[in-house]
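All residue numbers in this chain count up from 1 along the given sequence.
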Amino acid sequence: MGTSQSYRVAVIGGDGIGPEVTAAALAVVAAAGVSLVTTSYELGAARYLRDGFVLDEATLEQLRGYDAILLGAVGPAIGDTRIPGGLLERGLLLRLRFGLDLYVNYRPFHGVAGSLAAGCDFAIVRENTEGPYAGEGGTLRRGTSHEIATQGSVNTRFGVERCVRYAFERAAGLERPRLTLVHKTNVLTFAGDLWSRVVAEVAGEFPTVAVDYNHVDAACIYLVEDPARYGVIVTDNLFGDILSDLAGSVSGGIGYAASANLNPARTGASLFEPVHGAAHDIAGTGRANPLAAVSSAALMLEHLGEAGAARRVARAVQDFDVDVASLGTQGVTDRLIERL
Ligand code: IPM
Ligand code: MN
């Protein structure tokens with residue numbers, strides 16, 4: 001079972017159902033025999049409303065030093081007008097991605113029984129610090145009839161290459177090693193050209209990996225009609241954001257989708273979070289589905305080097321054949337722990 005080592009993990013429960021699902025994930029990790037020393041950080045909507053800030057510099061620096069960060073969900077309730085739209089997402093989640101240089105967003109999908117992707121295993125490796133998310137652009141003459149808004153997409157060789165190399169490493173580890181670049185090279189010619197050349201170059205280091213290319217619009221069809229074709233999809237920040245919601249949906253729903261915001265170079269703590277949001281409407285009712293948070297914790301265990309425990313937790317989630325809604329958060333957690 002577990003090792004004698006224990007890991008220092010920062011826990012940001014966040015808003016809505018976030019604290020409930022992270023608590024469930026931590027209980028499952030403990031049952032898998034891995035010892036964590038956790039420190040809770042109260043960040044998110046409640047903190048912003050009380051103290052007027054989202055994430056201060058000193059806290060960001062503290063978070064950098066942990067072995068990992070586990071995050072539940074951040075975001076205001078729908079219709080809560082006290083918090084400007086996007087403020088928490090940019091101020092916390094994106095700030096952590098950029099500040100800790102979490103340059104890969106790794107999102108594995110396992111099609112659950114009855115889903116369009118039933119039985120399929122594939123992953124999206126999304127570049128996580130560039131593209132349109134880098135914030136290049138601006139507004140001129142705002143509010144006038146001559147107003148201009150530009151929103152650029154940043155693609156650096158350094159950034160693309162390190163993401164693509166990570167994707168190839170993942171692809172090389174598959175039973176059937178294959179990697180698909182998803183882009184829009186027919187229209188986004190400058191960025192598409194860079195991505196294509198980098199993939200062709202890095203492919204030389206991974207001769208066992210079969211390499212393919214799909215336009216992003218075609219990939220939307222294939223994900224629905226033929227998801228089995230995919231092993232690892234590598235793509236830019238915005239395409240990866242959109243495609244991973246579609247991939248979650250065809251794999252059984254966003255309630256299962258896990259993600260790892262990784263700094264593979266380990267110059268800052270990596271961050272693990274379910275793809276779903278805060279779901280304020282069911283917070284505190286005991287009905288939140290913890291499976292995505294538990295899967296995210298399995299990715300955290302993998303990153304910490306606890307491969308055996310990571311596999312056991314991931315398998316317990318994958319084989320979950322009981323109706324989640326009828327069991328509730330605690331019931332699902334207990335069931336997972338029994339399975340371990
Ligand atoms: C995601 C989310 C974020 C993103 C939002 C909350 C900023 O949608 O993690 O996929 O766009 O990356
Ligand atoms: Mn998203």
Pair up each side-chain donor or acceptor in residues 24-31 with any protein partner under 3.5 Å, not counting sequence neighbours, and list the distances.
none

With clusters built from Ile, Leu, Val, Met, Phe, Trp and Tyr whose side-chain heavy atoms come within less than 4.5 Å, directly or transitively, what are the remaining members of the cluster of [X], listed by chain and number?
| X | answer |
| --- | --- |
| I282 | I17, V21 |
| L63 | I12, Y41, L43, Y48, L49, V54, L55, L60, Y66, I69, L71, V74, I83, L87, L88, L92, L93, L96, L100, L102, L271 |
| V37 | none |

With [X], which residues qualify under ring-ring contact (aromatic ring centres under 6.0 Å, His included), at least two apart?
| X | value |
| --- | --- |
| H110 | none |
| Y256 | none |
| Y230 | none |
| F98 | none |

Do the charged groups of R170 and E302 touch, with an N to O distance under 4.0 Å? yes

Any salt bridge between R97 and E273, counting N to O under 4.0 Å? yes

Going by the ring-ring contact (aromatic ring centres under 6.0 Å, His included) test, which pairs reach into residues 268-295, not counting sequence neighbours? F272-H303

Under the ring-ring contact (aromatic ring centres under 6.0 Å, His included) definition, can you give me all pairs with a residue in residues 111-155, not counting sequence neighbours? F109-F122

Restricting to side-chain hydrogen bond (donor to acceptor under 3.5 Å, both in side chains), what partner residues turn up for S153, sequence neighbours left out? N155

Applying side-chain hydrogen bond (donor to acceptor under 3.5 Å, both in side chains), name anything that partners T185, two or more places apart in sequence or on another chain. Y213

